[in-house]
Number of protein chains: 2
Amino acid sequence: MSVKIAAMPSNRRAQPQAEKRAELISAARDLFVQDGYDPTPMNRIAQKAGVTPNTIYWYFKDKDELLLAVLDALLQEDMAAYDPVSQWPLADQMVWLVGRLRQTSTLMATVHSRIRVSPALNEWHDRFHALVEALLLAQLPGPLPPASRDAEIRIICFAIEGLVSHQIDPVTTRQTCEALAARCLVLAGR
Amino acid sequence: MSVKIAAMPSNRRAQPQAEKRAELISAARDLFVQDGYDPTPMNRIAQKAGVTPNTIYWYFKDKDELLLAVLDALLQEDMAAYDPVSQWPLADQMVWLVGRLRQTSTLMATVHSRIRVSPALNEWHDRFHALVEALLLAQLPGPLPPASRDAEIRIICFAIEGLVSHQIDPVTTRQTCEALAARCLVLAGR
DNA sequence: ACCTGAACACCGTTCAAGT
DNA sequence: ACCTGAACACCGTTCAAGT
């Protein structure tokens with residue numbers, strides 16, 4: 001009887017589903033960034049997205065997976081915004097990155113504290129670090145001795161994380177970034 | 001009738017109270033370090049100390065204040081253990097400190113993620129950083145230009161925090177600490 | 001496939017009541 | 001002062017039931 005079967009592609013509902021997912025991610029993102037992960041109940045996320053709390057569990061396995069989707073969205077935006085910045089002087093790039101990540105610093109802290117408890121978050125965190133290190137590697141001046149080069153990248157990476165996670169005034173932030181960049185110049189051919 | 005009033009000092013129960021407090025802190029400390037702060041219910045702490053959960057609230061205002069007491073205890077031990085280490089070469093001191101803090105890295109992450117939510121923890125964190133920075137200042141070689149000196153201390157401090165909070169193998173840890181120490185020597189009179 | 005109402009298990013915290 | 005039994009409010013998650 002039902003002759004529509006062949007005419008209706010199986011992914012007919014794929015688009016609406018992706019839209020609903022995006023709405024949930026957007027709602028969670030706003031609340032996570034503003035209030036933090038733990039203080040935000042699934043309750044409020046659902047309410048903001050106009051659904052019942054348990055509906056979220058049709059789209060995401062649990063709260064951590066929702067956080068993961070939010071982190072991916074934020075990272076993608078950061079990457080897109082970084083594109084023109086990649087031409088700036090190294091110290092300016094660091095200052096920019098710190099200011100950018102600072103807006104989601106509460107989520108960075110959450111990621112660190114949940115690494116031991118969520119393998120998925122641990123994986124995301126590793127990918128994130130690999131990405132930042134790759135960016136820094138491309139920006140380091142001249143031919144550095146590869147032994148010290150890796151150490152330098154780690155130091156810069158950790159310093160940026162520290163600047164982000166502690167609230168440090170703009171002047172101090174800039175001084176620290178300048179010191180980091182200056183050091184690379186010293187280590188290179190001088 | 002009761003003539004003992006004058007003979008009984010008002011702090012007669014101070015010692016037992018302090019002991020019970022110490023027992024609770026010890027129980028919480030073991031569980032927090034082993035399982036983490038959030039995954040440890042007040043339930044289990046009380047059970048380990050042989051009391052009812054609500055008894056804890058006679059000694060501590062809430063779970064955060066209990067964490068604070070645990071952090072103070074850990075910090076005091078670290079300070080005592082540091083005493084002989086203070087004579088070592090700078091890089092060795094850093095490696096030692098990283099190894100030491102790593103054993104409680106889960107609590108460090110918890111502190112960072114709860115800074116925004118608990119003013120008391122925020123205060124403790126500030127004191128902790130001031131202390132580490134003071135230690136580093138005393139260890140820095142020669143007369144550094146004070147402008148760059150502060151930046152160096154911050155960078156070392158953040159790098160140590162990064163080494164602690166990410167699981168990094170011993171070789172890499174040492175390389176990073178050597179690089180940090182070498183940098184100070186370069187900045188000093190050479 | 002998609003969503004809901006109702007419930008479950010757990011947890012931090014409180015409070016009236018005991019000694 | 002010190003401790004408990006019982007309860008409260010909240011929260012992540014599940015599940016049977018609807019469409």
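In what follows, chains are A, B, ... by sequence order, proteins preceding strands, each numbered from 1.
- Summarising the geometry, atom OG1 belonging to B:T172 is positioned 9.0 Å from atom CG belonging to B:L163; distances are rounded to the nearest 0.5 Å.
- Using a 4.5 Å heavy-atom cutoff, the side chains of A:Q175 and B:D150 are not in contact.
- For B:Y59 and C:dT13, the OH to C1' distance is 18 Å, given to the nearest whole Å.
- The pair B:D169-B:R174 does not count as a salt bridge, with every side-chain nitrogen at least 4.0 angstrom from each carboxylate oxygen.
- Remark: the B:E161 side chain and the B:H166 side chain contain no N/O donor-acceptor pair separated by less than 3.5 Å.
- Whole-Å rounding puts the B:I56 CD1 to D:dC3 P distance at 12 Å.
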Seminar exercise, completed: Applying the Watson-Crick and G-U criteria (both distances under 3.5 angstrom) with [ ] for crossing and | for other-strand pairs, one obtains for DNA chain D ||.|||||...|||||.||
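- Put simply, B:T55 has a side-chain N or O that comes within less than 4.0 Å of OP1 or OP2 on D:dT4.
- Nearest to the side chain of A:P53, among D:dC3, C:dT4, D:dT13, sits D:dT13.
- If you check C:dT14, D:dG12, D:dC3 against the side chain of B:Y57, the one that comes closest is C:dT14.
- Taken residue by residue, residues 23-50 of chain A places heavy atoms nearer than 4.0 Å to DNA chain D at A:T40, A:P41, A:M42.
- At a cut-off of 3.5 Å, with distance as the only test, a side-chain donor of A:R116 or B:S105 sits close to an acceptor on the other residue.
- Taking atom CG of B:L67 as the reference point, atom P of C:dG12 lies 13 Å away to the nearest angstrom.
- No continuous path of ILVMFWY side-chain contacts below 4.5 Å connects B:V95 to B:F158, so the two sit in separate hydrophobic clusters.
- Under 4.0 angstrom from either OP1 or OP2 of D:dC2 there lies at least one side-chain N or O belonging to B:Q17.
- For A:W58 and D:dT13, the CH2 to P distance is 18 Å, given to the nearest whole Å.
- With hydrogens and angles left out, the side-chain atoms of B:S113 and A:R114 include no donor and acceptor closer than 3.5 Å.
- Taking a cutoff of 4.0 Å between a charged side-chain nitrogen and a carboxylate oxygen, A:E77 and A:R29 qualify as a salt bridge.
- We find that CG of A:D64 is positioned 14 Å from C1' of D:dC11, with the value rounded to whole Å.
- If you take CZ of A:R114 and P of D:dG12, they are 10 Å apart, rounded to a whole angstrom.
- Straight-line distance from the CD atom of B:E65 to the C1' atom of C:dT13: 14 Å, rounded to whole Å.
- Between B:R21 and B:A69 the shortest heavy-atom distance is NH2-CB, 4.2 Å.
- Here D:dC2 presents its C1' atom at 10 Å from NZ of B:K20, a figure rounded to the nearest Å.
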